[in-house]
Amino acid sequence: MDDSKIKIPYHVGIIVDGNGRWAEEQGKKRSYGHKIGSENLEKLSRYILSQTGVKILSVYVFSTENFKRSKEEVDYLMNLFTKKFKSDAKLYQKENIKVVFSGRREPLSEEVLKTIDEITEMTKNNTGGILNFCLNYGGRAEIIDATLKISKDLGQNKITEEEINEDLFAHYLYQDLPPIDFLIRTSGEYRISNFMLWQASYAEFYFPETYFPDFNNDEFDKAILEYTKRDRRFGGNHYEKTNP
Ligand code: FPP
């Protein structure tokens, strides 16, 4: 395809899926899949934000529902988050990437919270793209949490009922980010699984069969070619661009 015709989404979402199956199919433990998946995510996110023109990347790494998994797997993932955020902070910092987290703090451990607060603080003034980790995240929970904040502000007369509209509501979500343009879920599962329900309302969806540990930079480039073919109409007749 002619490079000049390639459309680059402003905000990409990735539902990271298939680490466990990737490892099991090789006769290895699920935790090995998460480890390799986390290494892939670190490389892929830096590629996407530093080399493709995408400005925001939201990644679903742990849902509120994932706490239902075995204690062994949850503990492994929590330790992995702590370890990787600590070791990857410098890499994101070097590439001027701002790291933010979306989700509820309860019941994350003090150690995880301290690590995510540190990387958030360290990278807060960076301007080379935003990496939004959705951790202990649920789309419905986010909408409820926004509603509670609005209700509080109404009670304190900080806003009026007449001011409540979609734009205002969006400012009360965990992050004040533009909508998702392109949503990828790896591993051949065709579900949104409570990921960014508000932000993905007009997203284009892409469901590669590839398990996440194998979803590399080339796979992402293929996804962009697919996005380029999509005709986004937002309910109207013509292609419009929502993001700057
Ligand atoms: C979903 O299914 C994936 C997860 C619950 C975890 C994804 C986590 C990572 C890639 C680690 C991220 C690390 C950092 C540092 C952010 P699954 O992958 O368990 O796969 P399955 O559906 O094959 O069981």
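Worth knowing before you read on, the calculation uses all heavy atoms, side chains too, and leaves out hydrogens, waters and symmetry mates. Atoms within each ligand, like the ligands themselves, are counted from 1 in listed order.
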Could you go step by step and tell me if F101 and F85 meet the ring pair (Phe, Tyr, Trp, His ring centres under 6.0 Å) rule?
CA-CA 11 Å; F101 291 85; F85 292 136; 5.1 Å; yes
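At a 4.0 Å heavy-atom cut-off, the residues surrounding ligand 1 are V16, D17, G18, N19, G20, R21, R30, H34, G37, S38, L41, V61, N66, R69, F81, K84, F85, F133, listed by chain and number.
The two residues S45 and Y92 come nearest to each other via the heavy atoms OG-OH, 3.4 Å.
R140 pairs by the salt bridge (charged side-chain N to carboxylate O under 4.0 Å, His left out) definition with nothing, not counting sequence neighbours. T127 is linked by a side-chain hydrogen bond (donor to acceptor under 3.5 Å, both in side chains) to N96, counting only residues two or more places apart in sequence or in another chain.
Here salt bridge (Lys or Arg N to Asp or Glu O under 4.0 Å) pairs that include residues 163-172, with residues two or more places apart or in two chains, number zero.
Residues E226 and K229 are paired through a salt bridge, judged by an N-O separation under 4.0 Å between the basic side chain and the carboxylate.
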